[in-house]
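In listed order, ligands and their atoms are each counted from 1. In what follows, residues are counted from 1 in the order of the sequence shown.
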Amino acid sequence: MEIIRDYDLTARNTFGMKVHCACLVEYDSVGELEKLYAGHLYDLPKPVLHIGGGSNLLFTKDFPGTVFHSRIRFIDPDFQSTDCCVEVGAGVVFDDFCGWAAENNLWGAENLSYIPGETGAAAVQNIGAYGVEVKDIIYKVKCFDAVTGRIVEFSRDECGYGYRESLFKTDRKGRYVVTSVVFRLHRTPAPVLDYGHIRSAVEEEAGVSGDELLKVLTPGLVRKVITDVRKTKLPEPSETGSAGSFFKNPVVPKSAYDKVVSVARLSLGDNCTVPGYDAGSGFVKIPAAWLIEQCGWKGYIEGNVGVYGKQPLVLVNVTGNASPDEVVALERKIIRSVMEKFDIQLHPEVEHV
Ligand code: EPU
């Protein structure tokens, strides 16, 4: 365990906000976490915040309390199970787990390759990409209950997963600290290729298509394609500060979508197509990237912050010197302009601290 006072969090948040916390605690086991809470957190400054890789956070100011970070790192497969169940420590870099799965020829995690962040946070956030959400492969989530001091397990259904939502983000926020996640991966091919142009990119990589594709397809091949796609569309985390998608894709009633179409026709012509995906129960999910682009923000730079040129859903720390105030000011302007033009309310995906 390591306890460091007045800690510089710059390297702990992928957005690169230059903020400090009063204290950082890194623990290496569930036992250490239990001891910390059993001792009523000793004299650690409050409040307490648990972070993973800091890839979905915007620190809006110095944090006055203690930041906890898990270094519980293990990958423990049960190769005897029919589907391969594998328990992964919350502190494992999620992409390392995806790489491990691909190396072991196990299906399910390949579309989630190269998403920044750690396994515990992935289960909290229900991360998703290219037609897969992490809930699709979660079997159960093990947590430390900060209220009772006990270890508890939640089945996937009990986790209350929705689009970037879970029990751990809503009513019980802060109570349950994820310590490990048990995934269920498949031994038989279970490719998910029908998102955007993924199938054609996979066919190109494999050099075959149609029925022949299934014969040569491996999770490793899909992982490579997904990783390449992400590298072309999203900023390289080690080079440009960002927190990935800054906003959620709004899910709106069909009538609101129709209104967007009417507005779009005024500027883009009657034959324009407004992207929208059926979200069930009369709702449509509209790509926020499209709405933001239509408001003219794509590639916009102001001071140290900007809107990524290849994916306007991503706000970037252009110079590395962006302040939280600059990010929040740009966020507000974007939300306001989308509201004014399309009457659609954007909500941040990134957690503001
Ligand atoms: N689009 C534009 N302009 C652009 C880019 C995209 O109009 O410059 C529109 C297009 O209509 C495109 C659509 O947005 O078809 C969807 O774009 P994309 O496939 O890039 O996905 P997204 O909906 O913008 C979501 C996730 C990403 C994930 C991708 C791929 C959210 C908030 N974001 O983005 O997740 O990688 O799908 O599956 O759901 C993240 O959460 O940090 C993240 C990067």
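- Heavy-atom proximity to atom 16 (C) of ligand 1, evaluated over W290, Y130, Y195, F246, is greatest for Y195.
- The nearest non-hydrogen atom to atom 34 (O) of ligand 1, considering only L313, V274, I127, comes from L313.
- At a distance under 4.0 Å, no protein heavy atom can be found next to atom 10 (C) of ligand 1.
- The single protein non-hydrogen atom nearest to atom 14 (O) of ligand 1 is P287 CB, 3.2 Å, given as residue, atom name and distance.
- For P312, the closest heavy-atom approach to ligand 1 falls below 4.0 Å.
- The existence of a salt bridge linking E165 and K248 is confirmed by a sub-4.0 Å separation between a basic side-chain nitrogen and an acidic carboxylate oxygen.
- Of all atoms in ligand 1, listed by their number and element, those nearer than 4.0 Å to a heavy atom of G244 are 42 (O).
- Only the side chain of Y277 comes within 4.0 Å of ligand 1, judged by heavy-atom distances.
- In this pair, W297 and Y300 present their aromatic rings perpendicular. The plane angle is above 60°, beyond the 30 to 60° band.
- At the shortest separation from atom 36 (O) of ligand 1 among protein heavy atoms lies R230 NH1, 3.2 Å.
- Taking the charged nitrogens against the carboxylate oxygens, K35 and E32 have no contact shorter than 4.0 Å, which rules out a salt bridge.
- Contacts of Y163 with ligand 1, taken as heavy-atom pairs under 4.0 Å, involve the side chain alone.
- For atom 43 (C) of ligand 1, the closest heavy atom belonging to the protein is S245 OG, 2.9 Å.
- Taken from CG in L234 to CG in L313, the straight-line distance is 9.0 Å, to the nearest 0.5 Å.
- Protein heavy atom nearest atom 2 (C) of ligand 1, with residue, atom name and distance: E293 OE1, 3.5 Å.
- Which of Q311, R164, E349 comes nearest to atom 26 (C) of ligand 1 through a heavy atom is settled by distance: it is R164.
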